[in-house]
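The analysis underlying the following values was restricted to heavy atoms, covering all of them including side chains, and did not include hydrogens, waters or symmetry mates.
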Amino acid sequence: MSLTRNHKIGLAFAALVFAVDQLVKWLIMGPLDLPNVLQIEILPFFRLSWAENTGVSLGLFTADSEFQRWLLVAVTAAIALIVLVWLLRERLRGDIMALALVLGGACGNILDRVRFGYVADYADLHFGTFRPFLIFNIADAAITIGVLLILARSLLSREKPTKTPKSTGDAAPESQNHA
């Protein structure tokens, strides 16, 4: 299988998402020392807050043991592999880019889980006490945006049914009302 230009761009974009996610996590955990500082106020509605997510989205399927941790790594890696295969089979650039967001984000979170046993989350968007999201990271945002783009593209870009030409009288007449 030879890679098209769009596939190469998609894979490069996935690698970029992965790299940016890991760079920001390094800044958060290293120079900013967020695991010890715990919170850094950035704006009245956004702060950096340290959270260690041992589960998947919304804290579901928490891995409380080493076995569960590695099972979660295996399951998420299998999903990432499916996304990679899908990306390589896809032809439309928009779908390839959406899948690249998902793939890059998934790889970033998988690496966290392998290295630390949890996913490092830090982005805390809030309006007073209202939080529209749990604390998240760039990988989570990329995955969410990618999935939403895939859903939107699949719902909005459905192929229109083709019109069939009218028959020239070879078809049977419509049912007639016999009294």
Taking all non-hydrogen atoms of both residues into account, name the closest pair between Leu103 and Ala14 and its distance. CD2-CB, 4.1 Å

For the residue pair Tyr122 and Val24, establish whether any side-chain heavy-atom pair is separated by less than 4.5 Å. yes

Is the shortest heavy-atom distance from the side chain of Ile110 to the side chain of Arg115 under 4.5 Å? no

For residues Val114 and Leu71: do they belong to one hydrophobic cluster (side chain heavy atoms under 4.5 Å, members Ile, Leu, Val, Met, Phe, Trp, Tyr)? no

Look at atom CZ of Phe133 and say whether more than 12 heavy atoms of other residues, nucleotides or ligands are closer to it than 6.0 Å. no

How close do Ala139 and Gly105 get, heavy atom to heavy atom, and via which atoms? CB-O, 3.2 Å

With side-chain contact (heavy atoms from CB on, under 4.5 Å) as the test, would you mind laying out the steps for Lys25 and Asp112 before giving the verdict? CA-CA 9 Å; Lys25 287 174 181 170; Asp112 281 7; 2.7 Å; yes

Same apolar cluster: Val83 and Val85, side chain cutoff 4.5 Å: no

Is there side-chain contact between Ile9 and Met97, with at least one heavy-atom pair below 4.5 Å? yes

Asn53 versus Asn137, side-chain donor and acceptor atoms under 3.5 Å: no

Please check if Leu111 and Ile28 belong to a single hydrophobic cluster, counting links between Ile, Leu, Val, Met, Phe, Trp and Tyr side chain heavy atoms closer than 4.5 Å. no

To the nearest 0.5 Å, how far apart are CG in Leu34 and CG in Leu32? 7.0 Å

Nearest atoms (heavy-atom pairs only) where Arg113 meets Val119: NH2-CG2, 3.2 Å

Rounded to the nearest 0.5 angstrom, the CZ-NE2 distance for Arg131 and His126 is 6.0 Å

Please tell me if the side chains of Trp50 and Ile135 come closer than 4.5 Å, counting only heavy atoms from C-beta onward. no

Please step through side-chain contact (heavy atoms from CB on, under 4.5 Å) for the pair Leu11 and Leu84, ending with a clear verdict. CA-CA 9 Å; Leu11 291 172; Leu84 173 62; 3.7 Å; yes

Going through the checks in order, is the side-chain contact (heavy atoms from CB on, under 4.5 Å) test met by Glu90 and Leu99? CA-CA 9 Å; Glu90 188 57 59; Leu99 290 164; 4.3 Å; yes

Same hydrophobic cluster for Phe136 and Leu101, using side-chain heavy-atom links shorter than 4.5 Å among ILVMFWY? yes

What pair of heavy atoms forms the shortest contact from Ala120 to Met29, and how long is it? CB-SD, 4.1 Å

So Phe45 and Phe127, would you call those rings parallel, tilted or perpendicular, with 30° and 60° as cut-offs? parallel

Is there a side-chain contact (heavy atoms from CB on, under 4.5 Å) between Leu87 and Phe13? Walk through the geometry before answering. CA-CA 12 Å; Leu87 183 151; Phe13 187 52; over 6 Å; no

In the structure I gave you, are the side-chain heavy atoms of Asn109 and Ile143 within less than 4.5 Å of one another anywhere? yes

Considering non-hydrogen atoms only, spot the tightest contact between Asp124 and Ser49 and give its length. OD2-OG, 2.9 Å

Is there a path from Phe116 to Leu48 through hydrophobic residues (I, L, V, M, F, W, Y) whose side chains come within less than 4.5 Å of each other? yes

Where do Ile150 and Ala98 come nearest, in terms of heavy atoms and distance? CG1-CB, 3.6 Å

Is there side-chain contact between Leu3 and Leu88, with at least one heavy-atom pair below 4.5 Å? yes

Could you measure the distance from the CZ atom of Arg153 to the CG atom of Asp95? Nearest 0.5 Å is fine. 4.5 Å

Can you measure from OG1 (Thr76) to CG (Leu81) and round to the nearest 0.5 angstrom? 11.5 Å

Pair Gln22, Trp26: side-chain N/O donor-acceptor within cut-off below 3.5 Å: no

